[in-house]
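Here's the structure, in structure tokens; my notes come after.
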Amino acid sequence: MSVISLKYKSKSGNLTAPGDVDPGAFIPIATTTLTTSTATISFTGIPQNYEHLQIRGILRSDRAGQPKDQLRMQLNSDTGSNYTTHLLSGDGTAAYAAANVGATFINNNSVTGATSTASMYGTVVMDILDYANTNKYTVVRFLSGYDTSGAGTVELDSGVWLNTAAVTSISIVTIGNMIQYSQLALYGIKRAGA
Amino acid sequence: MAYTYSKIASYTVGSGGVSNVDLLAIPQNYTDLVLKMSIRFDQAYEQANIDIRFNYDFGSNYSVRRLRGTGSAANSDSVSGTSITIGYGAGDTLTANTFGNAELYIPNYTGSNYKSVNGDAVTENNATAAWAVLQAGLWSNTAAINSISIICGGKWKQYSTFTLYGVKAEV
Amino acid sequence: MAAGATYTPLATTTLTSASATVTFSSISSAYTDLVLIYNGKFASANGQIALNFNGDTATNYSDNSLNADGSAVTAARDTTYGRIVQGYTASANVDNMTIINIMNYANTNMSKTVISRHNTAAGANVQLSSGAWRSTAAINSIAVSCYNGINFTAGSTFTLYGILAA
């Protein structure tokens, strides 16, 4: 058993008291807001001094003839078949679970497409824990969804990048192009003691 | 402008692993707690429960309702017992180097009502089978939470991490 | 105070008596996303969280959800509705909670989308849901009510946070 008394874990070595703790651990790193249709949104040169990353975003694409599109994530420019995704989703009618094994990306299906209700964007929150840890593969957890009054989806998805390298870049594409006003915001979440 | 979301403590499992992790002396000056976990255990299963216990309460004061995806099917269960089962951790038969990704959100952890717990947990595997779990937990105890124990059936493996944050609703 | 940190508490309410609605008004447009944390109880059975924005009670809302009650998994939706409905708690006076992410709430180029997690461990359900408000207006008020006119009980808490992107 490992017992961690927080008494010994704060920076000062004393019991954490009001006002004794650095109050900000959720740090905005970078944001991309599209001004025109774009194939790829990338975050590069990701600082390595956080414990976890979170990406929060809204996405719509111009995928022709489709009400929805697929977010595809690659890490560190790895385009090999080094990714697997697992999906748990509902579409307002039924629940689904599926896997995409040995793919060239991690995917999520909460992007609205060209025929979706106007002005409607899909939303996603992605959590990447221990992104800089070189002892483990990178695992991403997604909470996402959208609704267009009669169609839509909600998803809890996960994906793994089969590489122990620290994540230094994240690229997001969709099958179509992401359109104007789509936005992805990257946040770093500090480790205790940092 | 008041910022919140503060880091309280983090723990990384060392060589040899540990059977459970206890976070003690949790400061009482926040509103909510967030516990982020990147975890793998040493048993020869694909997955097993991540059990949470508060304040060393070993009584039958916990309940959970879960929505689970297996990689090919969705199902639901509920469990009552001596801990909250928040989801699944990655077992040692899953793809090597792959750790589960889980998060607990505990609102009003110092309040005098029973404690609700939100848990989202995923495991990953380079195969069809892996688990995604949405969990609703309850600790039927009005005490303020001052410790959290995170337990698996075997040992948490080296490099598993547990990070606790406090969120303060102080405007 | 850490430079550049975000996740700012904007308002918080703890009910001192039962109430049908809690309203956050005059919400600053300075943030990117809002996170609303609710933790409390419904005074009567069959309660659900309902959201209305900017006082709009017209049928400009919809939602869909993935639900589990401990034995079955279901999906459901509401279309052309007078509110976004999230979560369900069958029993009265049972602890429940909801985490609501309201993304790009001040963006006037798009309709507004909500992602929520609702939990009632004892006797009800766990839910993931998405909702939409078909308006491009920036959200400046949020009315959180209990569907079916039920009250939230005294002691229920509601806190609104702003997250500002880089």
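Please read these numbers as outputs of a predicted model, since none were measured by experiment. Convention: sequence-line order gives letters A, B, ...; per-chain numbering from 1.
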- Indicate yes or no: at least one non-hydrogen side-chain atom of Asp56(C) is less than 4.5 angstrom from one of Tyr61(C). yes
- Message: Between Arg68(B) (side chain only) and Ala74(B) (backbone N and O only), is there a donor and an acceptor less than 3.5 Å apart?
- Response: no
- Query: Considering only heavy atoms from C-beta outward, does the side chain of Gln135(B) approach that of Ile84(B) to under 4.5 Å?
  - Reply: yes
- Members of residues 136-157 of chain B whose heavy atoms come closer than 4.5 Å to chain C: Ala136(B), Gly137(B), Leu138(B)
- Is the closest side-chain heavy-atom distance between Ile8(B) and Pro27(B) below 4.5 Å? yes
- Query: Should Leu23(B) and Leu164(B) count as side-chain neighbours, where that means a heavy-atom distance under 4.5 Å?
  - Reply: yes
- Task: Please flag which part of Tyr161(C) lies under 4.5 Å from any non-hydrogen atom of chain B: side chain, backbone, both or neither.
- Result: side chain
- Go through Thr157(C), Thr12(C), Thr98(C), Asp95(C) and name the one with the most non-hydrogen pairs under 4.5 angstrom from chain B. Asp95(C)
- Query: Under 4.5 Å between any side-chain heavy atoms of Phe152(C) and Lys41(C), yes or no?
  - Reply: no
- Side chain to side chain, Gln48(C) and Phe42(C), heavy atoms closer than 4.5 Å: no
- Task: Heavy-atom distances under 4.5 Å only: say whether Ile99(C) touches chain B with side chain, backbone, both or neither.
- Result: side chain
- Would the Phe99(B) and Tyr159(B) ring centres measure less than 6.0 Å apart? no
- Message: Would Lys7(B) pass as a cation-pi partner of Tyr165(B), given that its NZ or CZ must be under 6.0 Å from the six-membered ring centre and within 45 degrees of the axis?
- Response: no
- Message: As an exercise: rank Leu128(C), Ile37(C), Val126(C), Asn96(C) by heavy-atom pairs under 4.5 Å with chain B and give me the winner.
- Response: Val126(C)
- Message: Can you list the residues of residues 113-126 of chain B that sit under 4.5 Å from chain C, counting heavy atoms only?
- Response: Asn113(B), Tyr114(B), Ser116(B), Val117(B), Asn118(B), Gly119(B), Asp120(B)
- Side chains of Ser76(B) and Ser71(C): does their closest heavy-atom pair fall under 4.5 Å? no
- Task: Step by step, work out the ring-ring contact (aromatic ring centres under 6.0 Å, His included) result for Phe158(C) and Phe24(C).
- Result: CA-CA 9 Å; Phe158(C) 304 79; Phe24(C) 295 97; 7.1 Å; no
